[in-house]
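What follows is one structure encoded as structure tokens, with my remarks underneath.
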Amino acid sequence: MKIKRLILVLAMTVALLLSLCACSKEETKDNTPKAEESSSTEASESKTEESTSKEESTSEEESTSEEESTSEEESTSEEESKNVESGDCTPLLYRVEDSDGSVLYLFGTIHLGDDRTVFPDYVMDAYNESDFLCVEADMIAFEQDMSLQMEAVKKMLCEPGKSAKDYLGEELYNSAVAILEEKDLYMQAFDFYRPIMWESLLSQALIADSDLGAEYGADIQLLTMAKEDGKEVREAEGVLHQYDLLMSAGDEPVTLTVEQLVKYKDIYVEQTNLLYKLWLTGNESLLKKAIADDYSELSDEDAAIMENYNNIIVDQRNLAMADLAEDYLEEGKTGFYAVGAAHIVGDGALAQLLADRGYTVTIVE
């Protein structure tokens, strides 16, 4: 089954999103102006039921097509699947070496997991060999810094005189509220936040139906180990920089993302679990296919919007991360560079970018 790129990207960034959701709830409980009385959503729920019926029919057709197209992939990865079922964790790890012998390890993380996320010896050996750990953002430090949390939350506030409904539109807003209310997550205070907050909230609501949790995310586990070991921790970006990037393309692509989350809410958990399974197996070929862009279900106009958004939140960040990787290699220290798998594997990702720049890139097994 082909994984929607939207779901993959959300799964890669969900730790950041959920952390901000948590601190935003605390901030908005007492400090956000009282929201207006919410209108009845019965009409919108009726429309949602009709839409869901159509989507279920379409989903069955898509599922059949996707399952047929990936049957060969699943058969070729039978051994890896057995590893997952037995509890083994064999994630993908690259070793990058320059002409002077400097080494940098590239480790693609996923920000969700379960108790199967136990690093194998080859990962631990690379980690122990490394002088420092580099992650996208130090989420442990972020969660301990209230002023930084509030600064990040404030970035998501609506423009003066606007509410969430003005950005999302009434029908999408009502559908999103219905999902949040079902999970007992909705607060009227959220009406004062832009679509990026609603993307975060919906991710949290849908992940609640999964057995996966951010506490088992590979990045959090590595950060925890590094801090306990006294290993130097570096940030490739930092939380505020990440949110500036996420919001720099405007509200339109994020609103489209919210639409997709509502549309595919019934398969979100299934697809996220599949992504985690692929991460566990470390199957480079299948991960590349999962990460590949697919805007076939969008209109030409919406596809163009999402391509630009993807360029900002993935492609441009990949280039900046590759530049930073080169700086680390020139430094001469051995580093363990752990960022989201979407930035490590696939066309235009770090492993390929560094290989194209003349570095020796190999898979560690």
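Salt-bridge annotation for R234 and E331: present, with a side-chain N of the basic residue lying under 4.0 Å from a carboxylate O of the acidic one. Using a 4.0 Å cut-off between charged nitrogen and carboxylate oxygen, K165 and D191 do not count as a salt-bridge pair. Using a 4.0 Å cut-off between a side-chain N of Lys or Arg and a carboxylate O of Asp or Glu, D209 and K183 qualify as a salt bridge. The residues D114 and R116 are annotated as salt-bridged, a charged nitrogen and a carboxylate oxygen being separated by less than 4.0 angstrom.
Within a 6.0 Å sphere centred on CG of D347, heavy atoms belonging to other residues, nucleotides or ligands number 12 at most. In D211, the CG atom is not crowded: 12 or fewer heavy atoms of neighbouring residues, nucleotides or ligands sit closer than 6.0 Å. Within 6.0 Å of CD on E159 lie more than 12 heavy atoms contributed by other residues, nucleotides or ligands.
Annotation: side chain of M156 is in contact with side chain of Y243 (closest heavy-atom distance under 4.5 Å). Contact of the Y337 side chain with the L350 side chain is registered, since non-hydrogen atoms from C-beta on lie closer than 4.5 Å. The shortest distance between side-chain heavy atoms of L157 and R194 does not fall below 4.5 Å. For the pair L172 and T255, the minimum side-chain heavy-atom distance is below 4.5 Å. Between M321 and E237 there is a side-chain heavy-atom pair separated by less than 4.5 Å. Looking only at side-chain heavy atoms (C-beta outward), P91 and V123 come within less than 4.5 Å of each other.
Under a hydrophobic-cluster definition in which Ile, Leu, Val, Met, Phe, Trp and Tyr are linked whenever side-chain heavy atoms come within less than 4.5 Å, directly or via other members, L329 and I344 are assigned to the same cluster.
Side chain to side chain, Q149 and E143 fail the donor-acceptor criterion of an N or O pair below 3.5 Å. N273 and Y268 share no donor-acceptor pair across their side chains, judged by distance under 3.5 Å alone. If you check the side chains of Y276 and T117, you find a donor sitting under 3.5 Å from an acceptor.
Nearest approach of D131 to K231, heavy atoms of both residues: O-CG, 3.8 Å. N283 and L286 make their closest contact through OD1-N, 2.9 Å (heavy atoms, listed as atom of the first residue, atom of the second, distance). The heavy-atom pair separating I110 from D219 by the smallest distance is O-OD1, 4.1 Å.
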#### Entry: Verdict with supporting geometry, Y94 and Y105, ring-ring contact (aromatic ring centres under 6.0 Å, His included)
CA-CA 6 Å; Y94 294 94; Y105 290 100; over 10 Å; no

### Task
Take Y359 and E326 through the test side-chain hydrogen bond (donor to acceptor under 3.5 Å, both in side chains) and record every step on the way to the result.
CA-CA 9 Å; Y359 296 93; E326 289 197 275; 2.7 Å; yes

### From CA spacing to verdict: side-chain contact (heavy atoms from CB on, under 4.5 Å), R317, L245
CA-CA 9 Å; R317 291 170 68 197; L245 282 172; 3.6 Å; yes

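Taking the six-membered ring where the residue is Trp, the centroids of Y167 and W198 are separated by 6.0 Å or more. Taking the six-membered ring for Trp and the full ring otherwise, the centers of F119 and Y127 sit at least 6.0 Å from each other.
Judged by distance alone, with hydrogens and angles left aside, the side-chain atoms of N310 form no donor-acceptor pair with the main-chain N or O of M306 at under 3.5 Å. At distances below 3.5 Å, not a single donor-acceptor pair connects side-chain atoms of E129 with backbone N or O atoms of T334. The backbone N or O of G348 lies less than 3.5 Å from a partner atom in the side chain of N318, making a donor-acceptor pair.
The structure places CE of M124 at 8.0 Å from CG of L222, a figure rounded to the nearest 0.5 Å.
Between W279 and F107, the angle of the ring planes goes over 60°, which puts this pair in the perpendicular group of the 30/60° scheme.
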